[in-house]
Each structure stands twice: as structure tokens, then as C-alpha cells.
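Taking it in order: structure first as C-alpha cells, then the write-up.
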Amino acid sequence: TIRLRTPWTLERLHASIKIRPSTTMRLPILLGLLICLCVGAFRSSLHLTAPPRSRPRRLRSSHCATNTDNEEWDVVVIGAGVGGLCAAAMCQRYGMKTLCLEAHEHAGGVAHSFERRAKAGTFKFDSGPSLLSGMSSMGTNPLRQVLDAVGTADEIVWTNYDGWEVYDRSLPADDPSSKFRLTTGASGAWEAAIERKAGKASREAFTQFKDTMMKEGGLSRNSALLPPLALRSDLGAALTMSPYLVKFLKIGMQGTLLTGPFTESMDKYGLHDKFLRQWFDYLAFALSGLDAAHTQAAPVAYTMIDLHDEGAVLDYPNGGMDSLIQALASGVVKERDDVESGEVRLKTRVDKLILAEEDGRAKCSGVILEDGSMIRAKMGVICNAPLWNMARLLEGSLDYRRPNEKVMEAVREVREQADTMEMTGSFMHLHLGIPADGLPDDLDCHHSVLDMEDDITAEQNLVIVSIPTVFDPSLAPEGWHVVHAYTAASEDFGDWERLIDRGFDNGKTDKANDYQRSAEYKALKDEKAEALWIALERIIPDIRERAARKGSVVEVGTPLTHRRFNRRFRGTYGPAPSAGKDVWSLNGAKTPVDGLLACGDCCFPGIGLPGVAASGTIAANTLAEPSAQRMLMAELRTKGALQ
């Protein structure tokens, strides 16, 4: 899915201090809190404690624990997805000895990479998102800010490029209007493409809307004023947010607009053009798995800056997305002064949490692994699992022989949160290694294929394609391409659920996968993958013939694959608005269990690489001292790495 830089503005503070915004009371409550505690923030700034400096170190990860009997760390992070790795790296940066546990053989979660060997050679595939921006230089992208904070940003070499192709399946392939290109920057190329596709009136409407949104003080500009590095999920947020009080005041009543659906922004600023409304539905869906009527305005508003600002570019990491994941993991294991090196431990599955009552509240003090070994966490456990999986993990951790009412009550509260949170659909994936002979030299890396006249959320409507060997030929044998096509958040898991042994997903992924050998599963894979092949034929008409050649690779991933490898409940992409809500309302890092924090796409600010990076940052901030957080922010601002 297209992953662009997501902003966090007014809603950042709501989530970080567990305040639910209402239409009329948001600003008075928040302003009062910030103003009242502003003096305290100033006093604390007089005796800040610097986070420890670091020495470069090679990445270290292990496939199993060497000695887990009575093992103790400051922080234990469950899950090495992007959110979990960001949380672990930031905790380590703050001087907390941190262990990150991952059940998979690869780190990265949904963004992990994998290899396949064929007669032609070795192919390296990205399993998920691969379209990013704001990563190749210091700026406001929360994921880039984590890399700058932990000192591993320079480990990645980036390729910059300026757009992607869009194919409208509502028109025949030979119709010139069926294909157009989104070009980043302010050259006018995108506006010209709009005019060719939809007419002069559409171009003029877009220009007017863009100018309104992106002007100084406009919704897009104000959406980027507050960084997640300033947030935390306790009242210490008033101290760390105080340097941004003036910027916060600039947002004014736009906060209500930014946290509402993007359709309200289009309505307010008079954008009624049919094509442009369809376009922003597509852009919103690519960001969140939801249409513009159910996607918060903030990420879409800031994406306009990412795409249309002067000099705007997109970024791809040389070596594939694994280069990004390794840089995050390197931030965990890097040696630093005054703290021992952290660790990313792969193929290590957490079976239970250590729960007890302490001071009248439920408390988590560590984890129990699948082999029964116990690991204590002195400062806290951060869970990168989706909310539905975390609820199942908590329930499996209860001692029903000696039940504790406080612990049971906290676990029930998490279960209620999980049961009331709706979810988006799942994915179909097609990974190909194909011969590159005869393909054009100017082939774009990224492509989107959809029927613009259909509902963007319709099953298998949007297919997103990446061909990263356009930028990095080393990902495939010489003379070959790797291709990744997928339907984003539109697959109905109900079509697949009956194939699970129990006939339903209870939130726990079993090792046995008998369905993979069934004829029914193989037939359903072929049926559902057909939409991906048809979409690819718009880009490479002879794609099937190429995939059939000797030495080629064909791998099909299903919602069950997504569920099993990424441990995603019902294979979901992520959260959706609860019943009766226009947009989602997500919790912050704190949970009803003391000592247990959460990060990932089910936490504020939500889906997307920047979003989960922000959630991991907020979780780590919450465990750190506000003074250390403020010192790190000051250091990054001095370097130009923080707004």
C-alpha cells in the first residue's frame, strides 16, 4: 500500500494523555493543561539529563535465547514490526536495556523481506509497503526521526524518484485517458495530467484546493506542526509539549477539521469535482484502507505536502525494505555509554504475560516464552501485537486456578476494546520473479490499477504494484525483475476462515497449516489471484508468459498467509471506525494493565509506517524521564532533525 508521511497534530495530544476529543471541548481542555504546566516544563529544563551517547556496533540478533532462566531486562518489546523496533530502539536510546522478541524468522512484521531461490538465482521480495517519502533527508517523517534519534539513518542508501502510474480499469486499456501519472513536486506535471484525464475545470479545481490547503496557516501546513517525539501517554506530555505551545495555538479550531473525515475538508473548501473526489478516495484508501469519508483529514492533508511541495520526491531504500528494518534493528543492538547493548531475538514466541495485582491494580512484570522460560521487565513491556491479538495473549495469561479480580477486570477491559474495534479487510499478494528482456527502460517502479467509477473499498478494486528492481537490480539475478502486486485491505476473510482447522480465528496462530495442502485452498488461491494477474497485464501485457518461463518465481499469498506469517487477527490490514463513527478513535500507548504498553497500527496515530513509528516512539517516551525526552528533542532540533 502507498505509505506516505502521516501528520499528527491536535489528535496526538488527545491520544497521548488519554483524552477523548469532543467537538466543543477539545481546545479549552488541552490549552488549560498546557498553560498550567508550562512553568514546570521550564523548571525541568534547567536540569535536563542527556540520553547516553552511542558507539557504532554491528547488528546482533539471535534465533534463540542463550540463557533465559531468570533473565531480566529494563524493557521487553513483543514483536519486531516497525512499531516494535522503533519502540525498542528508542528505549535503548534513552538508556534502557531492551530486548525485542519476534516469533518470525524475519524482523519487520508486515514490512519484512524474504528470499526465494530458483534456477535463475536468488530473488529478494518486499512483503508489504515499499512506497515512502520524507526518508532520504531529515524532516518531519516520524520514522526518519527515529532513525536520526538512534543514529542509524546513514546506514540506508536511498533512491529518489518522482511518481507512479495509475491505470483506470473503467476505461479500455487502449483509451488514452485510462492511464495517467502522478508526478511529485511543483512543476505542474500533475496538474497537466489532471487536465488530460478529466478536463480543464478539474485542473483549476485542484489548483485552487491545493493552494488553500498548502498555504501558510492552511490545513496541510498546520498538520505538521507537532512531532510525535514530543508526545507521551502520561501527564508528562505537558512538559514535553510545552516548546510547541505557540504552534499548538496556531492550529486553532482547525483541530476539529484535522481529526474529522477528509470529506469534511473537501466540503468546507468547495472541492466538488467528481474526478478529484475519486482521486482523494483513492489516496485515502492507500493511506488507511478506508475511503475519504472514513479517513482522518490529517494524514491526507499532509500527504498533499509530501506530493506537491517544491522539490518533493519519493524514496526507495537500496537493498529493499530489509535495509530499513536492519537499520532499526541496528538501533536496538548498538552499544551506548552507560547502557548494555540491546538485542533483537528472532524465532522466539511469547506465550504469556506475567500478571499480578500490585497496589490495587493489574501489573505486568514480564513475559513467559513458548518453552516456559521467564523474562522479567523492570520498567515495562511494550506489545506490538494488534489489539485483538493482545487481548488473546492477555486472556491466555490468566491463572484461572487462582483468579485475581483486579487482573481479570483489566483483561476484560482490553477484550471489550478489541471487540468494539472494527477492522479493515485483508490482502492477496502475488510475488513474481520474471525475465526483464524486452521491457521498457523507463518502466516505473510503482503502479496502481483500479476502477475509478467503482467504490474504492470494493473487493479487489485497487491493486498496487511495485517493481523495485527498476531501482535496485541486485534484488534479482541479472536480467530479471521482481514484481509485487497486492489487493490492499479489500479481501473478505470470511471467504477463507472456514479453511482454518477450528473454522474460525480465535486470535491464536497455530503451527499446523493443514489447509495449505487442501484442493479447496489451492482453488481459492487461483480464483482470488486472478484479479492480480489481470491488473498486471495492464502494465506488462505478457506477464503470464514471462512468469511461466524456466527460472521464474511465482508465489501467491492469501489472507491466511497474512494471518500466519504476520500474526494478524483475521489477516486484517488494521483498525476501522467503530460502529456509528466516521473515523477511528484509537487509544494511546497505555493499557488497563500497569507496566504493559502498546504500539502499532491499533494505537494512535494508526495505520502506515510513519504512524506505527510514531506509536513506538510514544511508548518509549512514556517509559523515559520527561527530562531525557526533552534533551533528546533539543539535540535533534539542533541537528535540524526535528521541527
Side-chain angles (χ1 to χ4, degrees), residues 49-61 73-77 79-100 102 107-109 111 132 134-158 227-232 240 317 321-345 379 382 384 589 599 609-610 612-625 628-642:
T49 303
R53 295 180 180 179
S54 62
R55 298 186 300 273
R57 175 182 166 86
R58 294 183 64 185
L59 174 63
R60 175 170 63 89
S61 64
W73 296 72
D74 291 331
V75 179
V76 173
V77 177
V82 171
L85 287 172
C86 286
M90 288 297 294
C91 284
Q92 195 72 27
R93 177 66 175 84
Y94 282 126
M96 295 174 267
K97 184 184 175 186
T98 303
L99 171 65
C100 185
E102 171 56 50
L132 307 95
M135 292 298 298
S136 57
S137 60
M138 290 185 290
T140 57
N141 186 316
L143 182 52
R144 170 66 196 220
Q145 289 177 345
V146 169
L147 293 170
D148 286 324
V150 303
T152 59
D154 291 340
E155 294 184 9
I156 309 170
V157 177
W158 297 94
L229 265 162
L231 300 180
R232 50 192 298 125
T240 56
M321 288 297 291
D322 188 57
S323 297
L324 172 60
I325 300 306
Q326 292 304 315
L328 290 172
S330 184
V332 180
V333 305
K334 196 171 187 179
E335 290 184 352
R336 302 179 187 279
D337 296 339
D338 303 325
V339 62
E340 293 181 44
S341 173
E343 184 178 346
V344 178
R345 191 175 294 170
M379 299 183 67
I382 300 175
N384 187 208
C599 67
L609 292 181
V612 297
S615 73
T617 300
I618 294 169
N621 290 347
T622 304
L623 291 176
E625 289 294 329
Q629 185 180 346
R630 283 171 55 86
M631 177 62 80
L632 177 58
M633 291 161 56
E635 179 184 320
L636 292 174
R637 279 195 296 270
T638 299
K639 294 179 179 178
L642 186 67

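Remember, predicted model here, so these are calculated numbers, not experimental data.
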V344 and A80 have their tightest heavy-atom pair at CG1-CB, 4.5 Å
Contacts satisfying salt bridge (charged side-chain N to carboxylate O under 4.0 Å, His left out) that involve residues 139-150 (not counting sequence neighbours) are R144-D148
Check the pair L324, V82 against side chain to side chain contact (heavy atoms under 4.5 Å, CB included), reporting the backbone distance first and the verdict last.
CA-CA 9 Å; L324 172 60; V82 171; 5.6 Å; no
Heavy atoms of G84 and V77 approach each other most closely as O-CG1, 3.5 Å
Note: A111 and I325 closest approach over all heavy atoms is O-CG1, 3.9 Å
Of all heavy-atom pairs linking G79 and C100, the shortest is O-SG, 3.6 Å
Margin query: Using a 3.5 Å distance criterion without hydrogens, assess whether the side chain of R232 forms a donor-acceptor pair with backbone atoms of A624.
Written below: yes
Rounding to 0.5 Å, atoms CG (N141) and CG (L609) come to a distance of 8.5 Å
Closest non-hydrogen atoms of M633 and T240, given as atom of the first, atom of the second and distance, are CE-O, 3.3 Å
Using side chain to side chain contact (heavy atoms under 4.5 Å, CB included), reason through L229 and M90 one step at a time and then give a plain yes or no. CA-CA 10 Å; L229 265 162; M90 288 297 294; 3.6 Å; yes
So SG of C91 and CG of D74: to nearest 0.5 Å the spacing works out to 9.0 Å
Verify side chain to side chain contact (heavy atoms under 4.5 Å, CB included) between V150 and K334, making sure each step is shown before the conclusion. CA-CA 9 Å; V150 303; K334 196 171 187 179; over 6 Å; no
_T617 side-chain N/O to A613 backbone N/O, donor-acceptor pair under 3.5 Å_ = yes
Between T98 and V332 the two heavy atoms that sit nearest each other are O-CG1, 4.2 Å
dist Q145:CD -> C86:SG (nearest 0.5 Å) comes out at 11.0 Å
I'd like to check L143 versus L328 (side-chain heavy atoms, cut-off strictly below 4.5 Å). Are they in contact? yes
In this structure, CD of Q92 is separated from CH2 of W73 (nearest 0.5 Å) by 7.5 Å
Residues at least two apart in sequence or cross-chain that pass side-chain hydrogen bond (donor to acceptor under 3.5 Å, both in side chains) with S136, listed by chain then number, are N160, D315
Discussion item. Using modelled atom types and a 3.5 Å cut-off, is there a donor and acceptor pairing between side-chain atoms of S615 and backbone atoms of V612?
Written reply: yes
So CG of L147 and CD1 of I156: to nearest 0.5 Å the spacing works out to 5.0 Å
The reported gap from CD in Q629 to CG in N621 (rounded to nearest 0.5 angstrom) is 3.5 Å
A side-chain contact here means heavy atoms from C-beta on lying under 4.5 Å apart; do L132 and M321 qualify? yes
Quiz item: Would a distance-only check, ignoring hydrogens and angles, find a side-chain to backbone donor-acceptor pair under 3.5 Å from S341 to E335?
Solution: no
Contacts of N384 meeting side-chain hydrogen bond (donor to acceptor under 3.5 Å, both in side chains) (sequence neighbours excluded), chain-then-number -> none
